[in-house]
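Here is the structure we will look at, set down as structure tokens.
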Number of protein chains: 2
Amino acid sequence: MDSTLDPGLGLRIRRTESLTSLIRRELERMIEIGELKAGDRLNENALAAKLGVSRGPVREACRGLEQSGLVHVIVNRGVFVREISNREAAELYDIRASLYALAGRLLAPKITKKQVAELRRMTRRMEEAAEKDELNVFYPLNVRFHEAIVEFSGNGRLLSMCASVHREMHLFRRRTLDMPGRMKISNAEHTGIVDALEAKDSEKAARLMADHVLKSRELLFGPIGTPAD
Amino acid sequence: MDSTLDPGLGLRIRRTESLTSLIRRELERMIEIGELKAGDRLNENALAAKLGVSRGPVREACRGLEQSGLVHVIVNRGVFVREISNREAAELYDIRASLYALAGRLLAPKITKKQVAELRRMTRRMEEAAEKDELNVFYPLNVRFHEAIVEFSGNGRLLSMCASVHREMHLFRRRTLDMPGRMKISNAEHTGIVDALEAKDSEKAARLMADHVLKSRELLFGPIGTPAD
DNA sequence: TCATTGTTTATTGTCAACAATCTTTTGCGG
DNA sequence: CCGCAAAAGATTGTTGACAATAAACAATGA
């Protein structure tokens, strides 16, 4: 498969978007799907050749990625896909819990019937996926569910921040949710969250959102404290 | 005054740090002190000439700044120091409140006597500054106080995130704290926070941290809701 | 006088070459 | 055979030049 950024299409695309941003998204995608694994080095020449561009835009894209925490740069050595330690992953879970709690707190007092309906629809579909034990169906819905709540909260910066944290957590290999019965438990929590939102109970929604994330954290690291390493 | 990055020093510095990161910090500084104001365009040629480097590193630095939200880039138009609307500033206050609350929650159960003493020392010095109405003394201490709590919390990512949010909020012109009596009120809240931390009362510390930030928010935007614009 | 269009100028986007640095290999001596 | 030093190779850091685009301006016609 040829991963070159299509140069024919390029002429049209280039008008509204720079190569740099295209490359950054492409790199994010490669990291997300695991084509680039944690610890891998990004060879600028190789990437530039593969994408059919010069090193300039590649370097600029890498600097953007560095700031968002997906890669780290060592001077004169190169840029490396970041490795997330247990400790850092745990830290990110705490942060994510706080951000999601905020989303719940903001959304509860102003959620619309339509939004509730949409969230309910998602939980129903997740229920079905859980019944059939289809993790590959459940997982994207789960992501979309949380994203929707943050989106509905109306805080744009919160949305981009959560997306950033989410991308960063993808660098952490060990995943939750793939343990038996986890999907059903998770979805029960989802239902509770929507209930609290519908009841416009800010504090309860906030608490349930945080607990939901922290439960995932506990599954990975055990009940309390910050894991070493 | 000549703002050129000293090329003599450069030879020594360049070994451990790239020009890009030096330039990024310099640009952050310029934005922080207001030498570059919100809405200003960053002319790559001019900046490169002024700093005595070529455009490459300047562009890379700008891409980093873009990701951290300090500038936004319009293709073929240039990079502009970001303008923060009332709405976005309010959003940032909410986020900051949540992050600080997390810092308080994490720190409370594990704060040491030494750390309490250090925080008390700061509140005392702020008290003095408030008595003498010295805002220029109070303000950096205030910043340092909050930074210390986040630092003591032990969550490294939280620290860098708070720093990022703080830098971004600097883009917002209207400042709080410069109203009469604000310093004393603020410092009373600080004392309450340290009390809660010393008592190892996580939830109270979290709540007080959040309230402290949200009070600033209210001073700027009024009691509730998200301001338009 | 005003709007529109063509031209000029300034600025950004991209590229390819050069310099500095790090890594690997090779050769030498012990 | 092993350790070490020096050279070769590979990779990043930086630069200056060129191409593409947008803004500013002038000229033309209504």
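A, B, ... follow the sequence lines: proteins, then strands. Residue 1 opens every chain.
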Let me check something: any side-chain donor-acceptor pairs from residues 159-167 of chain A under 3.5 Å, sequence neighbours excluded? List them with distances.
residue, atom, partner, partner atom, Å
Ser160(A), OG, Arg157(A), O, 3.0
Ser160(A), OG, Arg157(A), NH1, 3.0

Whether the side chain of Glu91(B) engages the backbone of Gly156(A) through a donor-acceptor N/O pair (distance < 3.5 Å, no angle test) should be reported.
yes

Return the polar atom pairs (N/O with N/O) between nucleotides 9-11 of chain C and the protein under 3.5 Å, or none.
residue, atom, partner, partner atom, Å
dT11(C), OP1, Asn43(B), ND2, 3.2
dT11(C), O3', Arg41(B), NH2, 2.8

Selection from dT14(C), dA17(C), dC15(C) that lies nearest to any side-chain heavy atom of Thr20(A):
dT14(C)

Other residues, nucleotides and ligands only: do more than 12 of their heavy atoms fall within 6.0 Å of CZ on Arg125(B)?
no

Before giving the answer on side chain to side chain contact (heavy atoms under 4.5 Å, CB included), spell out for Leu27(B) and Ile23(B) the whole-Å C-alpha distance, their side-chain angles and the decisive distance to 0.1 Å.
CA-CA 6 Å; Leu27(B) 290 177; Ile23(B) 294 169; 4.0 Å; yes

In terms of the angle between their ring planes, are His146(A) and His212(A) parallel, tilted or perpendicular, with boundaries placed at 30° and 60°?
parallel

Would you mind reading off the distance between Glu66(A) atom CD and dT12(D) atom P, rounded to a whole angstrom?
14 Å

Taking only residues at least two apart or on different chains, which pairs with a member in residues 96-109 of chain B satisfy salt bridge (charged side-chain N to carboxylate O under 4.0 Å, His left out)?
Arg105(B)-Glu203(B)

Can you tell me how far C1' of dT12(C) sits from CD1 of Ile74(B), to the nearest Å?
13 Å

Glu60(A) has an atom CD; how far is it from atom C1' of dT15(D), in whole Å?
14 Å

Please pick, from dG13(D), dG16(D), dC15(C), the nucleotide with the shortest atom-to-atom distance to any side-chain atom of Ser54(A).
dC15(C)

Among the nucleotides dC15(C), dT14(D), dG13(C), which one has an atom lying closest to any side-chain atom of Pro57(B)?
dT14(D)

With the side chain of Val75(B) defined as its heavy atoms from C-beta on, choose the nearest nucleotide among dT14(C), dG13(C), dT14(D).
dG13(C)

Between CZ of Arg59(A) and P of dT12(D) the distance, given in whole Å, is 8 Å

Report the distance from atom CG of Leu19(A) to atom P of dA19(D), rounded to the nearest whole Å.
17 Å

